[in-house]
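In what follows, a structure is listed as C-alpha cells, so that the remarks can point back to it.
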Amino acid sequence: MSVIILFMAGMVAIAGWWLSQQRLTAKPWLEQGVMVDLREEGVSSPPAAKIGLGVFLAVVGSLFALFISAYSMRMTMVDWRAVPMPRLLWFNTAVLVLSSVALQAAYMAARRNDIDGVIYGLCAGGASVVTFLIGQLLAWRELSVGGYFLASNPANSFFYLITAVHGLHLMGGLVALGRTTAKVWHGAPVTQVRLSVELCAIYWHFLLLVWLVLLGLLTGWTDNFLDICRQLLS
Amino acid sequence: MVDIPLDTVAGIPPAEVGEVELYHPRSWWTRYVFSQDAKIIAVQYSITAMAIGMVALVLSWLMRLQLGFPGTFSFIDANQYLQFITMHGMIMVVYLLTALFLGGFGNYLIPLMVGARDMVFPYVNMLSYWIYLLAVVVLVSTFFVPGGPTGAGWTLYPPQAILSGTPGQDWGIVLMLASLILFIIGFTMGGLNYVVTVLQGRTRGMTLMRMPLTVWGIFTATVMALLAFPALFVASVMLLLDRLLGTSFFMPTLVEMGQLTKYGGGSPIMFQHLFWFFGHPEVYIVALPAFGIISDLISVHARKNIFGYRMMVWAIVGIGALSFVVWAHHMYVSGMNPYFGFFFATTTLIIAIPTAIKVYNWVLTLWRGDIHLTIPMLFALAFIVTFVNGGLTGLFLGNVVVDVPLSDTMFVVAHFHMVMGIAPIMAVFGGLYHWYPKVTGRMLNEGLGRFHFWVSFLGAYAIFFPMHYLGLLGMPRRYHDIGETSFVPASAHDLNAFMSIAALIVGFAQLVFLFNLVWSLFKGKEAGGNPWGAASLEWQTPETPPAHGNWGKELPIVYRWAYDYSVPGAGRDFVPQNEPPAGLSAQGSHP
C-alpha cells in the first residue's frame, strides 16, 4: 500500500500548496465588503473544464496507484511467475508516444489558429491510438498463444487487467477526441475547439505517462523501487 | 469589524446581466425526469436514497426479530439472516448515506450556497444520477435472482464471499460487485461537479473562507470520496475476476467440500487493505457533510455566529487528510506486525484531536446562545450527543489491546451504529427539516416532527446503548442464533427482545416522517423565503423554491461570511451574506 500512500502524499502536497494560497488564515468574521479572490484577479484562472479534467486525472491516478499497490503486494507471494514481455509492446509504446506528439502538435496548431494543422494532428493522434489498442490486443493474443492465460498465474492476471484498464481509459479518450474532430470537421472555428484540443492533449500525455509507469512495472524495471516502498511499511 | 475599502470594491467587474449559458429544458421530461438542474437531481437522489433506505430499514427489522425472538419466525433462516446483514450494511453506508449527503444535499446546497446558477457540468451531473439509479436497480435485483443476494457481510471479504457455502454465491455477489462498480462510476461524475463547482462556480465575493461549513464538509468529503472510491473499484473488479474468470488475486489455495479449488496463492488480506483504504475514509465521507450541516444548524438556531470558524475549516481538512492513514485499525486481528498496529492506533487516536475541536466549537457556539429548540436544533443537539458517544467508544476500539477482545462482538456494532449510523442520520433529519421549506416553500408539520424526533432519538438509544453491554458480555456479531452460549447470561436474551421492540417502534416513526414529507408538500404551512432568519446565501434567492438558474437576472454579490447573527446595532438579528455594509449600496458596487 506504500505506492498509494506516496500518491496520496503527492495529492496532499498539491492540496496544501493550493490551500496555502486561499487566505486560510483570514478572519472572515471581521471582514465586510467584496473580497477579491484569486479567480477574479486576472486571466490566469483556468476554465472549469480544465479543472474538471485535472480532478478527473487525480481520480484516474489514484486508480492506477491502487492497481500498482495491489501488484506490488501480490508479486511477493510464492506463486508469482513473471510474464515474458511481448516485443510488440515496444512498438506499441512508440505508437503511443507518436499519438501524444500528434495531439501536442494539434494543440500548438490550435494556438496558431491553423485549422488544417488541428485536423491533421487530431486524425494522426486518433489513428495512432487505434493502432496502439490493436497492438495491445495482438500482444494479448501473442501471450495467450504462448500459454499465458488470464487465470494461469497472478502475473498474467495483472498483465491483462492493467493493460485492459489502461486501454479502456484510452477508448474513453477516443470518444472525446472523436467529438472534437467532428466539431472541427463540421467547420467549427479554431477558437471554439482550442480548449477541447488542449484537454485531449493533456489527457493523452497523462495516459502516456501512466503507460510508461505500467511498462516499467510489467517489465520488472521498477522492482527495486517497489522493494524500497515495501520496506517503508515493514 | 474591518470594512474592506471602497476602492477594492470599485475594482470588481460589473455584475452579470442578461442571459447566461444555462441549459433550458424544453419539455416536461427534460424538466422533471431527465433534468439537468442540480435542484431536481438533488430531489431525485434523495427520493431514491430514501426508498432504498426503507428496504434496509425493513431488513434491520427482520434481523432484530430474529435476534430478539430466535426460533420464532420460521421464514428467517441462517442464510437469509446473513443476506439481510449484508444488504442492510451496504445499502445504509453506500446507497443511502453517501448518496443522500453528496448527491442529495450536495446537489441542492452547493450551487445555492456559493451563489452559482447550477453545477458546472449539468449533463454529467444528470448522468451521475441515472447511473446511481441503475446501480440501485442492479442491487435490488439480487433479491430476485437464484440464490438471492450475497450473504458475505457488508465487507464482502474473500474467500468467504466466493465460496459455495456462502449464500448468494451464484448471482448475488456478482451483481453486488457490478452494482458497486456502477455506483463508483456514477459518483465520480457527480463528484467532479461538486468539486469544480466549489472551485470555479462561486459568485463574486464568495471566497473559500466565506463559504458555509456545510459546503466545506461536502467539498472535503467529495475530494476524499473521489480518491478513496477507486480502492473499492479496484477491489471489486479483482474480486469479480476471481469469481467469474478464476483468477487468484485474493483467493488462496483451499479445499472446498473435500475438493481442491481452482484457486491458488491469492491474498485475502490484500482485499482487506484495499477495502479499508476505501472503508475508513468512507466513515468521514459520511461524517464531514454531517459536521458541516450541524455547524450551520446550530449557528442559525442558536442565533449566534459559529465559534472558531477558521479552526472548524482546518479541522475538516485535517480530518480528511488523516483519515487516509488509519485504515488498518480495522485489521488488528488479521495478524499484522505489532509495529503496524502501533502506527495505526496512533494515527487513529490523533484524529480525535480535530474531531474534539469540532465538538468543543459546537458547544461553545451554543454557550450563551439564544437557543431555539426547533426540530432542526433538536436533531443537531442529538447529533452532538450521539457523535460524542460513538467517538468515545472509538477510542476503545482504536487501541489494539482493547480492540482484540472486542473484535467481532456487538460492541463494535454498537460503536459504528452510534458514530456512523445514528449520528449522521440525525444530521440528515436536521438538514431535511431545516431546508425542506426552501425546497418546497412549505414547513414540515411541527407536531409530527417532534414525535418523529423523540421516538427516533430515545428509540435509537434504547436499541444501541444496551448493545455495548452485550458486546462486553462477549455476544458475537453476525450470529443468526447464539443459542445456549454459557458466557452470555439469560438476561441478555431479555435485553435483545427489548432492543428489537424498540427497533420496530423507531422504524414506525420513520414512516411517520415519510408521511410528513408528503403531507406537508400539499398541506404544510407556507414558509416564505427565509423562515429561520438565516444569513447564508441559499435563503436569499428571489423565489422560493428557487427557479431554474437560482438567482433571477443577476447573481448575488457576497459581502460577508455566513454567520452574522445577533450583530450589535443591526436592525435584525441576522445579516444576510449579500447585504452590503452600511454606507455601501448594492447599486454602488456594480454600476
Side-chain angles (χ1 to χ4, degrees), chain A residues 1 4-5 7-8 11-12 15-16 19 22-40 45-49 51-56 58-67 69-70 73-74 77-80 150-151 153-154 156-158 160-161 165 233-234, chain B residues 1-5 8-9 11-13 120-121 188 192 195-196 199-202 204-205 207-210 223 226-227 230-231 233-234 237-238 241 245-249 262 264-267 270 273-274 277 305 309-310 313-314 317 321 324-325 337 340 557-561 563 581 584 589:
Chain A
M1 296 298 281
I4 184 67
I5 290 292
F7 178 82
M8 287 296 166
M11 289 289 113
V12 168
L19 282 171
Q22 303 298 320
R23 299 178 62 250
L24 283 199
T25 53
K27 296 178 176 169
W29 53 94
L30 293 178
E31 295 169 345
Q32 283 187 18
V34 181
M35 303 296 297
V36 182
D37 66 27
L38 285 176
R39 296 167 304 135
E40 293 158 7
S45 172
I51 294 185
L53 179 68
V55 177
F56 181 66
V59 178
V60 177
S62 169
L63 183 76
F64 280 104
L66 283 154
F67 272 121
S69 285
M73 275 189 277
R74 187 68 178 86
M77 311 268 167
V78 285
D79 60 338
W80 185 272
L150 174 75
N153 191 273
N156 308 354
S157 311
F158 267 108
Y160 286 107
L161 176 61
V165 172
L233 265 185
S234 56
Chain B
M1 190 64 76
V2 179
D3 282 350
I4 304 299
T8 312
V9 177
I12 302 297
V120 289
F121 311 120
T188 304
L192 283 175
V195 171
V196 181
L199 293 180
Q200 279 301 85
R202 283 171 284 131
R204 258 155 306 121
T207 60
L208 284 187
M209 291 304 273
R210 280 180 173 179
V223 172
L226 284 172
L227 295 173
F233 187 89
V234 168
V237 168
M238 297 204 310
L241 291 179
L245 300 177
T247 56
S248 298
F249 290 113
K262 58 192 171 183
S267 164
M270 187 166 99
H273 276 297
L274 289 170
F277 191 80
N305 69 43
Y309 171 89
R310 198 169 43 169
V313 171
W314 291 352
V317 174
F324 279 103
V325 282
N337 185 325
F340 272 6
I557 297 181
V558 170
Y559 297 96
R560 62 191 76 241
W561 72 329
Y563 301 102
L584 174 64
S589 61

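Letters go in sequence order (proteins before strands), and every chain restarts at 1.
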_Selection from T247(B), V237(B), V313(B) maximising heavy-atom pairs under 4.5 Å formed with chain A_ = T247(B)
*Which one, L227(B), V120(B), T188(B), leads in non-hydrogen pairs under 4.5 Å with chain A?*
L227(B)
Could you check whether any side-chain heavy atom of [X] comes within less than 4.5 Å of a side-chain heavy atom of [Y], counting everything from C-beta outward?
X	Y	answer
S248(B)	R74(A)	yes
M11(A)	F324(B)	no
M270(B)	M238(B)	yes
K27(A)	R310(B)	yes

Given heavy-atom pairs under 4.5 angstrom as the criterion, report whether the side chain, backbone, both or neither of [X] touches chain B.
X	value
V59(A)	both
F158(A)	both
T25(A)	both
L24(A)	both

*Would you call the rings of Y563(B) and W561(B) parallel, tilted or perpendicular if under 30° counts as parallel and over 60° as perpendicular?*
perpendicular
Who among [options] has the most heavy-atom pairs with chain B under 4.5 Å?
options	answer
V165(A), N153(A), L161(A)	L161(A)
V78(A), N156(A), L66(A)	L66(A)
G54(A), P154(A), G52(A), A65(A)	G52(A)
F56(A), F67(A), F64(A), F7(A)	F67(A)

*Donor-acceptor pair, S62(A) side chain versus P230(B) backbone, under 3.5 Å?*
no
_Treating R23(A) as the side-chain partner and M209(B) as the backbone partner, does any N or O pair qualify as donor plus acceptor under 3.5 Å?_
no
*Name the region of V223(B), side chain, backbone, both or neither, that has any atom closer than 4.5 Å to a heavy atom of chain A.*
neither
_Interchain contact, F249(B) with chain A, by part (heavy-atom threshold 4.5 Å)_ = both
_Check: Y309(B) ring centre within less than 6.0 Å of W29(A) ring centre_ = no
